[in-house]
Undergrad: 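Next up is a structure, given as structure tokens.
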Protein chains: 2
Amino acid sequence: MNEAAENSPEWSDIGTQVTRLVREIIARVADKWTMPIIEALHEEPNARFNQLQRAVDGISQKVLTQSLRQLESEGLVERTAYAETPPRVEYKLTPLGESLGEAFCGVWIWAEKHCQQIEASRAAFQEKRK
Amino acid sequence: MNEAAENSPEWSDIGTQVTRLVREIIARVADKWTMPIIEALHEEPNARFNQLQRAVDGISQKVLTQSLRQLESEGLVERTAYAETPPRVEYKLTPLGESLGEAFCGVWIWAEKHCQQIEASRAAFQEKRK
DNA sequence: CAGTATCCAGTTGGATACTG
DNA sequence: CAGTATCCAACTGGATACTG
């Protein structure tokens, strides 16, 4: 039995009820950068902008700004600007943001457990295609 | 307490161990179409190509083909072609594919539970910006 | 039916320069 | 420091036409 499903309703039940809105939300939060940012903010609460950019690894300033604004608009991240010079801005997860991280935990565990197998599959598929 | 975290290790523990490969896998499977396709295949095992395209709602033939090839290469989907005319090709989830669906269950539940709140947040954010 | 091939418009995102 | 603004190259993905 799979540990991620033990205390969840059968996911087929969920699937049949799903609305367009839910799908849109999932597609949104499951993009390239959302989880890395949420992870970084979980690791370092009240992180500042440049600190976050270093933590996220590979994200550009532009995309980090965009992502943070979106996460803020969705209530997943809270932004606090202090009126100082030089300016200081801190970001932290809201409880909703933390709960998304927890919800994603199952996927993370799945990926850790099976990433070797997936890599092997890809390699085998390439071989077969030759 | 959040139901998704009840029987998982603390996700901060996971985060610190995460490798580049795991992140890449997550970014891959968490794209726009992977979950809708896996959901459709879970609902209708042994679905045929056109059946799948109708089920997934909005996906183009090209992208469905690409996605299925990728899922196949990763060992999440099994493709069976029957040597008939007209050709018949059936797709189904592998056990690995099923397990990904189960792992994603937590995110699905999260999205269902909070989508109203997120919509409200977005609206409020728009208002504030005016 | 189950694709492949091609064209092309729209979006994404990096690099760079500039600002309060 | 924490962004905003702009330009532009690359990738994504839809529409269409064609094929075994």
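So that the names make sense, note that chain A is the first sequence line, chain B the second, and so on, each numbered from 1. From a predicted model like this one, the values you see are computed outputs, not experimental measurements.
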Undergrad: Taking the basic N atoms (NZ, or NE/NH1/NH2) and the acidic carboxylate oxygens, is any pair closer than 4.0 Å for Glu24(B) and Arg122(A)?
TA: yes
Undergrad: Using only atom types and a distance under 3.5 Å, with no angle test, would you say the side chain of Thr65(B) pairs donor to acceptor with the backbone of Gln61(B)?
TA: yes
Undergrad: Is Glu90(B) salt-bridged to Arg88(B), cutoff N-O under 4.0 Å?
TA: yes
Undergrad: Within this structure, what is the CZ-to-P distance between Arg28(B) and dT12(D), rounded to whole angstrom?
TA: 11 Å
Undergrad: Side-chain N or O of Arg79(B) less than 4.0 angstrom from OP1 or OP2 on dG3(C)?
TA: yes
Undergrad: Is Ser121(B) reaching over with its side chain to a backbone N or O of Ile118(B), donor-acceptor style, under 3.5 angstrom?
TA: no
Undergrad: dT4(C), dC1(D), dG3(D): which one has an atom nearest the side-chain heavy atoms of Pro86(A)?
TA: dC1(D)
Undergrad: Encode nucleotides 13-20 of chain C as B, S and - characters from 5' to 3', where the letter depends on protein heavy atoms closer than 4.0 Å: B to the base, S only to sugar-phosphate, - to neither.
TA: BBB-B--B
Undergrad: What is the separation between atom OH on Tyr82(B) and atom C1' on dG3(C), rounded to the nearest whole Å?
TA: 18 Å
Undergrad: Supply the atom-to-atom distance Gln70(B) CD to Ile37(B) CD1, rounded to the nearest 0.5 angstrom.
TA: 9.5 Å
Undergrad: Hey, does Tyr91(A) reach any base, or is it just sugar-phosphate, or nothing, if we go heavy atoms under 4.0 Å?
TA: sugar-phosphate
Undergrad: Between Arg54(B) and Glu44(B), is there a side-chain N and carboxylate O pair less than 4.0 Å apart?
TA: no
Undergrad: Can you tell me the Watson-Crick or wobble partner of dG20(C), both distances under 3.5 angstrom?
TA: dC1(D)
Undergrad: Rounded to whole Å, please give me the gap between CZ in Arg48(B) and C1' in dC1(C).
TA: 7 Å
Undergrad: Return the pairing partner of dA10(D) with a 3.5 Å limit on both distances, Watson-Crick or G-U wobble; otherwise return none.
TA: dT11(C)
Undergrad: Distance check needed: dT12(D) P versus Leu64(B) CG, whole Å only.
TA: 17 Å
